[in-house]
Engineer: 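Have a look at this one.
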Amino acid sequence: MAHPYGRATALAAAPAARAGAAPARPAVTGPVVTRAGLDPALVSGRGAAVAFDEQEAENARTDGTVIGPDRTPYTLPSEASGRKAVRLLPGQYVEFTLPRAANALTVRSSIPDAPGGGGVTAPLDVTVDGRHRRTMTLTSQYSWLYNQYPFTDDPGADLLHPDWWLTECSCVPAGTTPAPILDKPFRPAHFYDEQRLLLGTTHRAGEKVRLTVPAGSPAAWTVIDLLDTELVAAPHVERGGIDVRALGADPTGRRDAAPAIERAVALARRTDRPVYLPPGTFRVDRHIVVDDVTIVGAGNWHTVLKGRQVTLAEPAPDGSRHTGVGLYGRPAAEGGSRNVHLSGFAVEGDVRERIDTDQVNAIGGAMSDSTIRGLYLHHTKVGLWFDGPLRNVRITDNVITDQIADALNLHTGVTDSLVRNNFIRNTGDDGIALWSEKTADARNTVARNTVQSPTLANGIAVYGGADTTVSGNLVADPVREGSGLHAGARFGAEPFTGTLRFTGNTTVRAGTLDLNWKIGLGALWFYALDGSIDADVRVTGDHYLDSTHNAVMLVSEYGVKDRYDIPAVHFKDIRVDGAGNSVLSARTKGSATFENVDARNVGAVGVNNCGSFHFPATGSEFALADLGGNDGGWLAPWLLPNTLTCDDRPPVVVPPAPAPWS
């Protein structure tokens with residue numbers, strides 16, 4: 001989501017300088033496979049089931065330097081998976097051991113920006129067991145954003161909004177004399193990018209994959225965050241499909257393939273056959289409108305739709321200044337599209353700046369009774385942005401990475417839809433958002449997805465709507481102005497009605513510091529800004545691991561605290577393993593019940609209860625009910641039913657790493 005308030009953040013500094021360098025780890029002989037930087041056993045059954053094995057660079061053998069851990073925004077380790085990475089100088093390496101047979105890999109890395117912005121490229125050598133050398137080309141052309149929302153790629157830019165309040169000076173610069181002096185580049189962020197490589201042969205478990213920065217690299221340093229390895233299947237052939245090459249599509253990427261693909265789509269609709277995108281790279285520099293058609297690729301490692309961002313001669317009616325590669329349903333105002341089925345290909349965009357009016361998303365428009373499955377979406381503004389009303393879209397088994405804004409947004413009247421088993425990493429805004437602007441979303445389920453390292457905002461956010469279920473997801477490492485799981489009455493959303501369910505989710509290293517308020521959020525964050533959150537809200541079976549501040553926060557904006565509240569939230573069968581502050585931070589009027597909520601390694605009082613900040617003699621305006629089975633001493637009798645324990649900014653006590661629950 002766009003964040004109009006996204007204007008106050010912590011002091012800026014060059015990420016490399018503040019990375020907190022630490023000595024390299026001892027040599028590692030075997031693979032250390034993780035999920036979201038954790039032992040997979042700690043998140044078993046949660047998040048997306050993926051084909052690849054994740055290995056963090058800090059667990060591998062290296063002669064480089066481990067950086068982190070750090071959760072301070074604007075630093076390289078803060079945006080790294082697990083909040084650590086390895087920095088290599090030219091000539092240095094990091095080496096991983098294959099846990100299973102593999103013929104493909106993904107490297108998540110960062111290299112410096114160009115001095116004037118715009119990014120650079122640099123080589124990275126890949127060898128397996130000292131042989132089979134390949135060279136990847138890393139780039140920072142799609143990373144390194146600066147300044148205030150909606151950001152710029154110019155490191156020397158002055159403030160984009162000098163009339164906004166800044167936390168750095170606790171002032172409005174345009175109205176302050178003398179004007180504050182702010183370091184440049186101001187608020188650097190969005191450092192990482194990832195590249196995929198097919199190795200051309202299958203390598204066995206136990207073989208060593210070494211990533212080496214060549215001695216003559218133009219990059220002063222290269223930070224390696226992680227390596228994903230997998231065994232990619234042979235290309236799929238769609239029997240009976242209309243091969244786009246037969247209609248003139250060029251699989252080398254040299255000639256524009258959009259007209260040929262459109263001809264294939266038209267023929268497929270007339271003959272009731274699928275469109276087949278064979279192996280190759282097909283250049284598409286604009287939107288292809290799809291309706292009542294099935295488009296099948298050879299697999300997202302084999303078939304790529306790749307496009308350049310194109311500046312329009314004049315803005316489009318919707319405000320877009322650019323276009324680019326994308327498959328779009330018809331607008332809802334024109335009736336939308338239906339019966340669209342997309343699977344088995346990649347979309348590689350060319351979006352390097354955030355312009356909120358631009359429609360430069362990989363998948364967009366309105367598609368009812370449709371499926372989007374097995375896609376790889378990369379370097380677009382938003383992976384999938386659906387503008388409803390529309391119904392019954394199923395978004396499953398996709399990989400969405402390196403987006404300038406959201407990975408996926410169900411916007412305006414999206415109903416009866418499913419978002420399941422998608423893997424998302426490195427978004428510039430919410431990973432998954434359900435935004436009931438003007439028309440309520442309803443009866444949607446977000447299940448078994450993994451969202452890692454959103455650099456702004458939340459992992460999974462629900463903005464209003466009816467009967468929403470968020471279940472079985474894994475969310476890790478949000479950086480700033482958001483948290484792991486979020487329910488917000490904000491951004492002009494329609495009210496929450498019916499039920500709101502958070503069930504069986506796990507968050508890791510969430511509960512960030514909000515840089516506007518300078519208070520700690522919760523790994524699960526309820527926010528009553530535009531209205532009360534007055535639905536049947538139940539949180540069951542969630543695990544909140546290693547939360548930087550709080551496991552749960554319920555808050556209403558100070559200016560509306562006497563108008564809006566959060567009447568009742570019910571927590572059951574919850575585990576909290578590590579919270580720098582509290583299990584619950586209440587900064588609103590309302591109530592909550594707790595049953596079988598177990599907590600350990602809590603840094604401050606179990607409940608930080610400020611209510612709505614009137615501090616009456618009768619106690620807080622937020623009431624707690626103990627329904628039994630709450631272990632760990634966090635919900636002590638003296639806290640009940642509404643003892644004021646308000647500490648506006650308690651110090652953080654860093655908890656130990658999460659461990660199995662005995």
Side-chain angles (χ1 to χ4, degrees), residues 21-41 50-68 76-77 80-111 121-139 192-217 219 221-234 301 399 401 423 425 452:
R25 295 172 61 89
V28 176
T29 57
V32 181
V33 175
T34 56
R35 292 187 64 209
L38 290 178
D39 179 346
V50 295
F52 56 81
D53 295 307
E54 169 194 282
Q55 294 190 71
E56 298 281 351
E58 63 268 21
N59 297 327
R61 184 171 180 261
T62 183
D63 61 353
T65 302
V66 174
I67 58 173
L76 281 158
S81 172
R83 314 291 182 139
K84 293 182 182 180
V86 170
R87 184 168 57 223
L88 304 177
L89 301 177
Q92 293 183 321
Y93 71 89
V94 59
E95 185 178 84
F96 304 84
T97 302
L98 287 176
R100 292 187 293 176
N103 60 5
L105 57 83
T106 300
V107 177
R108 185 171 194 249
S109 65
S110 178
I111 58 176
T121 59
L124 182 70
D125 286 343
V126 181
T127 57
V128 183
D129 269 13
R131 300 172 290 114
H132 308 288
R133 177 177 171 177
R134 304 285 295 274
T135 298
M136 302 180 74
T137 299
L138 306 182
T139 183
Y192 288 89
D193 193 68
E194 56 189 63
Q195 295 292 324
R196 305 203 299 178
L197 177 67
L198 281 168
L199 296 172
T201 189
T202 298
H203 298 278
R204 296 170 298 178
E207 294 190 64
K208 310 291 185 182
V209 177
R210 177 173 288 204
L211 309 179
T212 304
V213 179
S217 173
W221 48 262
T222 299
V223 169
I224 304 296
D225 181 24
L226 55 77
L227 179 77
D228 294 332
T229 55
E230 64 181 287
L231 186 62
V232 174
W301 281 87
V399 176
T401 66
F423 180 87
R425 186 162 58 206
Q452 290 184 237

Engineer: Is the shortest heavy-atom distance from the side chain of L138 to the side chain of D193 under 4.5 Å?
Structural biologist: no

Engineer: Under a 4.5 Å cut-off applied to non-hydrogen side-chain atoms, are R87 and Q92 in contact?
Structural biologist: no

Engineer: Quick one: closest heavy-atom pair of A205 and R100, and the distance?
Structural biologist: CB-CA, 3.8 Å

Engineer: Does the side chain of L124 reach to within under 4.5 Å of the side chain of V213, using non-hydrogen atoms?
Structural biologist: yes

Engineer: Between R425 and D228, does any NZ, NE, NH1 or NH2 come within less than 4.0 Å of an OD or OE carboxylate oxygen?
Structural biologist: yes

Engineer: As an exercise, state the distance from CG of L231 to CG of N103, rounded to the nearest 0.5 Å.
Structural biologist: 4.5 Å

Engineer: When rounded to the nearest 0.5 angstrom, what is the spacing between CD in E230 and CG in L105?
Structural biologist: 9.5 Å

Engineer: How many angstroms lie between atom CG of L88 and atom OG1 of T62, to the nearest 0.5 angstrom?
Structural biologist: 5.0 Å

Engineer: Are E56 and E58 close enough that some pair of their side-chain heavy atoms sits under 4.5 Å apart?
Structural biologist: yes

Engineer: For S110 and W221, work out which heavy atoms get closest and say how close.
Structural biologist: O-CZ3, 3.5 Å

Engineer: State whether the side chain of E54 and the backbone N or O of G37 hold a donor-acceptor pair below 3.5 Å, judged by distance alone.
Structural biologist: yes

Engineer: Please report the shortest heavy-atom distance between P214 and P123, naming the atom on each side.
Structural biologist: CD-O, 3.4 Å

Engineer: Would Q195 and V107 count as a side chain to side chain contact (heavy atoms under 4.5 Å, CB included) here? Give the steps.
Structural biologist: CA-CA 6 Å; Q195 295 292 324; V107 177; 5.5 Å; no

Engineer: How long is the span from the CD atom in E207 to the CG atom in D129, to the nearest 0.5 Å?
Structural biologist: 4.5 Å

Engineer: Roughly how far, to the nearest 0.5 Å, is the CG atom of D225 from the CD atom of E194?
Structural biologist: 9.5 Å

Engineer: Search all heavy atoms of A122 against all heavy atoms of A219 and return the closest pair with its distance.
Structural biologist: CB-CB, 3.8 Å

Engineer: Within the distance-only criterion (no hydrogens, no angle test), does the side chain of R133 pair as donor or acceptor with the backbone N or O of D125 below 3.5 angstrom?
Structural biologist: no

Engineer: Can you name the nearest heavy-atom pair linking Y192 to P77, along with the distance?
Structural biologist: OH-N, 4.4 Å

Engineer: Quiz question: by atom type and distance under 3.5 Å, do the side chains of Q55 and T229 form a donor-acceptor pair?
Structural biologist: no

Engineer: State, yes or no, whether a side-chain contact exists between H132 and H203 at a heavy-atom distance under 4.5 Å.
Structural biologist: yes

Engineer: With rounding to the nearest 0.5 angstrom, report the CD1 to OG1 distance, I224 to T212.
Structural biologist: 9.5 Å

Engineer: How close do L198 and R134 get, counting heavy atoms only, and between which atoms?
Structural biologist: O-NH1, 3.0 Å

